[in-house]
Each structure stands twice: as structure tokens, then as C-alpha cells.
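Worksheet: the structure to be examined is printed underneath.
Hydrogens, waters and symmetry mates are skipped; everything else that's a heavy atom, side chains included, is used. So you know, we letter chains A, B, ... as the sequences are listed, proteins then strands, and number each from 1.
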Amino acid sequence: MDIKVNVREAQGDTYVVDLNGEIDVYTSPKVKDAIGDLIDKGHYNLVINLEKVRYIDSTGLGVLIGGLKRVREHGGTVNLVCTNPQIKKIFDITGLVKIFGIYDDEDAAMKALV
Amino acid sequence: MDIKVNVREAQGDTYVVDLNGEIDVYTSPKVKDAIGDLIDKGHYNLVINLEKVRYIDSTGLGVLIGGLKRVREHGGTVNLVCTNPQIKKIFDITGLVKIFGIYDDEDAAMKALV
Amino acid sequence: MVELRIPSKAEWVAVARLAVAAVANRLNFSIEDIEDVKLAVAEACTNCIQHAHGSDQIEITCETEPEGLTVRVRDYGRGTRPEAISSRRVDEPRVGGLGVFLIRSLMDSVEYDVHPERGTNLVMIKKVTN
Amino acid sequence: MVELRIPSKAEWVAVARLAVAAVANRLNFSIEDIEDVKLAVAEACTNCIQHAHGSDQIEITCETEPEGLTVRVRDYGRGTRPEAISSRRVDEPRVGGLGVFLIRSLMDSVEYDVHPERGTNLVMIKKVTN
Ligand SMILES: Nc1ncnc2c1ncn2[C@@H]1O[C@H](COP(=O)(O)OP(=O)(O)O)[C@@H](O)[C@H]1O
Ligand SMILES: Nc1ncnc2c1ncn2[C@@H]1O[C@H](COP(=O)(O)OP(=O)(O)O)[C@@H](O)[C@H]1O
């Protein structure tokens, strides 16, 4: 019912946001703040790792889309790591697969950034 | 919210009942039937393995006590395998630790039977 | 029938979706179906919180039958125009507007009864497939 | 306040205990405390089902405050004599009679309002310790 957010620097000027838990209308502001902070500090190439996310709703998707919009304005991008079939299905249904790069592991998401 | 019950023969004339899930007012009849069947068939030395039980309420405890009463009438006994701290606490609070042999693994519960 | 009433606040949506998932668990649904129901209920509650101004509670009722689960989500806030309850897929990154779309995609039957003063009453059905 | 109404049937007790656990999760409880609340609610509902004859529903309400959670469980069935709501430890293997004892052991405050015709109203409180 809660979300844990962990931000870490990776190679190059990329940052990884690890999310663990459930992203819904109650927890998504925390995710939004973490991503917003990174962008405010000038980091526009992000990997958001959803491997440990068990649940995401439209407010969570909205936060991801909002982040992508902002980094794109600076020529950056957001790649996602996602393996949970139910969450993959949600990206599929909503057509967000066409907008996000979605990868099975962090390495692949990272390589696709640079 | 459900319970899986598996009965298997072990060494000697002992039987092991593996329980997996939650034992409450809805699921305990299934457990009661499995134990009752064994006793009806003349098996009075039982190990009930609660390692994979995440939850038990007083109806579940009642089924275990009922089984113990019945096998004792035939000189048998019921030993429990239990590692979950919350469930151990329930046996503690209710004083059932004094009535059941409660063991950390199946081997110990088995050895204590014979 | 199982009835649940929660305050119209973000922190209680998880209670609604977990309770409805527990109800759904008593039917012959797959895990995927239960996840669908959970998300649809959460989207409906989120909309009550974000759009139904003046309503301080959300009512969720579940009716179970062997063939499926009917979930009703209603608020007593200011409702919207029926046209607003449309749904869209995402072709460009735009924030918002996915909730009703997801509800319609995940449930087998979705009926909105939208009223400007009496609030919004959503009835949705998930059928047991196997 | 979160309110839940379930049919007075064994299959719905799990919905009540999961919903109340989800409510408790919003307070600063330990996992052990949440398990205590879950079991107490389940025992209360089980007693409504097994003893409150003539009641077809159970009402569960949760009130949260930073200091703790108040859960009320009530039925509208035939109640019992107050003396029946006693509690005992087990010294010999006897089936039954553990429910009320567990409720009293696991919760910080337990009040039964027992009425032969109007049914039983149980108010119990779990305090946040840390
Ligand atoms: N319970 C409700 N009360 C009032 N308006 C609602 C309700 N549910 C949905 N709506 C309307 O439907 C629109 C579409 O909702 P949705 O698809 O979830 O996207 P979003 O919430 O991001 O706008 C909302 O903007 C709102 O106008
Ligand atoms: N909701 C209720 N309605 C009527 N009687 C009740 C209710 N709750 C408890 N009781 C009474 O309290 C007694 C003790 O309950 P409990 O400790 O759970 O043991 P058991 O249910 O095994 O008898 C019951 O036998 C019953 O007489």
C-alpha cells in the first residue's frame, strides 16, 4: 500500500529511480517529487525501475508521462524497467508502450539511453 | 484466503498433514475433514505442518484441539511444526503450547512422536 | 452483498481496492482478472476524489454471482457532463484522461449514471470466464 | 471513518479482516499489531456468524486517530447474557471458547454491549505504541 523511492547515480549523467511497492493516487506524489527533483537539477536521462512495483494506476502513469514530457523538452528521455505482466499489460492497453522505452532489465534500459 | 491441504504417509504409522494458506472459519472445515479422515482410518500419530500457514484463528485452533482429543483416546498424539512468530504467539497466549508439542521443523516433530 | 464506505480521500483508495479484491477472490477469477477489478475500482474511487467536489464519502458495493462480480462505485458530489466520461488511448504524452479508459478496458460492462447534483453512479461487471 | 457491511457468512470474514488490516496499515502500527487487529476482527465476526442467530449482516466500522484504531463490530441477532462473554485460557484440550479470550488479549480496550434482542455491539481499540 506504500511506495519506497530510491534515487541513485549511474554511469554518464544518467540517474536510476528505484520504486518498490504500489503507485496509486496516495503514493504517486512521492514519486512525482523524486522525478521532479532530478529534472530540476538538470538530469534529463532517467531510468525508472519498476521491477519491484506490484501495482500502478492512472495517477502513477500520469507521473511517468509528466516526467517524460519534461525531460523531452531538454532532449532527454525516460526508459522504464518492467517485468510484471499485469503492469506490462497496462502499458499495452493504454498505448504507452509506444511512448516509453520499456525493458526487461536495467542494463538494457541503460544501454538504450546512450 | 484459502487453504491447501496435503496428506502424506511418513515413516512408521505416522502421517503428515501439510497446510498452506489461511485457516479461518471458512477454511477450517477442510482441515477438520482431512484430520478426521486419517483418524477414522486408524492413524493416531500425526504431524501437522503449519510452516506455510500465514494465519490461524480460533476455529482453526479448535480443529487442532479436536484432533488431539480424538487421537489421545487411542493413545496417539498430534505434533505441530510451526515457525511463524505470530502463530507461535497465538499458541503462547492461549496456553496451547502446554498441550501441543510444537517444533521448528518436521524432523524434530517426527522424532518426538516415536 | 458487501458494502464499503470510505472517506473521499486518497489514503483510503487502497482499502477499497483490497476489500474488493478479497471479495473477487471468492469467485472463480484468475489472478489477472482480480488485478483488473482492483485497478478499475481504484480508478473509479480516484475519480470520485478528484472530480466529485462536495462529496465526502465514496460508497462501494459488491454483488457476487457465480457468473461474475458487479461493483458499484458512487459519490454524492457535483457530477460531470456525460460527454466527459469518454475514453482515449495515448498517442502523445499527455497527463490524465486514462482512468475511464482503463475502467472500460478492464471490465466487461461499464455503465455511468452521471448527474450534475446527485453525483455519479458507476456500475461495472467483471464476468468469470472459465 | 471506514464502514463495511458483510453478510453474516463464513466466506466473508476474510474480506473484513483484510479491509481492517488495510485501514490499520495507514496508522503507525507494527506488522505484529496489524496481525493482532486482523485476528481480533475475525474472531468478532466469527462470533456474530456462529452465535448471533437471526442476524444476516455484520457491520464493521473503523475510526483512525494518530493514537490508535477503534473497530466496532456489531450484529442485530439474538444476543447472549453478559456472563457468556467471559474468557479463559486452555488447561485441558477443549474445543471452543477461545474467541473472546483472544480478542481481550490482542486489543488494548474491549467493550461488549450485549443485548438479548438488539444484538451485540463490540468496540475495541488498538493503540499505536511507538
Ligand atoms: N465520479 C466522478 N465525478 C465527476 N466527474 C467524473 C467522475 N468520474 C469521471 N469524471 C469525469 O470524467 C473525466 C475523465 O476521467 P479520467 O478518464 O479518469 O481522466 P482524468 O481523471 O485524468 O481527467 C474526468 O476529467 C471527469 O470530468
Ligand atoms: N456476537 C455475539 N452474539 C451472541 N453471542 C456471542 C457473540 N459473541 C460472543 N458471544 C457469546 O460468547 C461466548 C464465548 O465466545 P468465544 O470465546 O468466541 O467462544 P465460542 O465461540 O467457541 O463459544 C459464545 O459462546 C457466545 O455465547
Results of salt bridge (charged side-chain N to carboxylate O under 4.0 Å, His left out) for A/D105 - residues two or more places apart only: none
Chain C contact via A/Y55 - which portion, at a heavy-atom distance below 4.5 Å: side chain
Segment of C/E43 engaging chain A (4.5 angstrom heavy-atom cut-off): side chain
Pick from C/L39, C/V13, C/I31, C/V15 with the largest number of heavy-atom pairs that fall under 4.5 Å of chain A: C/L39
C/L102 and A/D57, any side-chain heavy atoms less than 4.5 Å apart: no
Residues from residues 76-89 of chain A approaching chain C under 4.5 Å (heavy atoms): A/Q86, A/K89
Chain C-proximal positions within residues 19-39 of chain A [heavy-atom distance under 4.5 Å]: A/E22, A/D24, A/V25, A/Y26
C/L18 versus chain A, the contacting section by heavy-atom distance below 4.5 Å: side chain
Portion of A/L64 that has a non-hydrogen atom of chain C nearer than 4.5 angstrom: neither
Side chain to side chain contact (heavy atoms under 4.5 Å, CB included) partners of C/N25, counting only residues at least two apart: B/M1, B/D2, C/I34
Straight-line distance of C/N47 CG to A/T59 OG1, nearest 0.5 Å: 10.0 Å
Closest-packed option against chain A by number of heavy-atom pairs under 4.5 Å, given C/K38, C/K9, C/E32, C/Q50: C/E32
Heavy-atom neighbours of C/R78 CZ exceed 12 at 6.0 Å: no
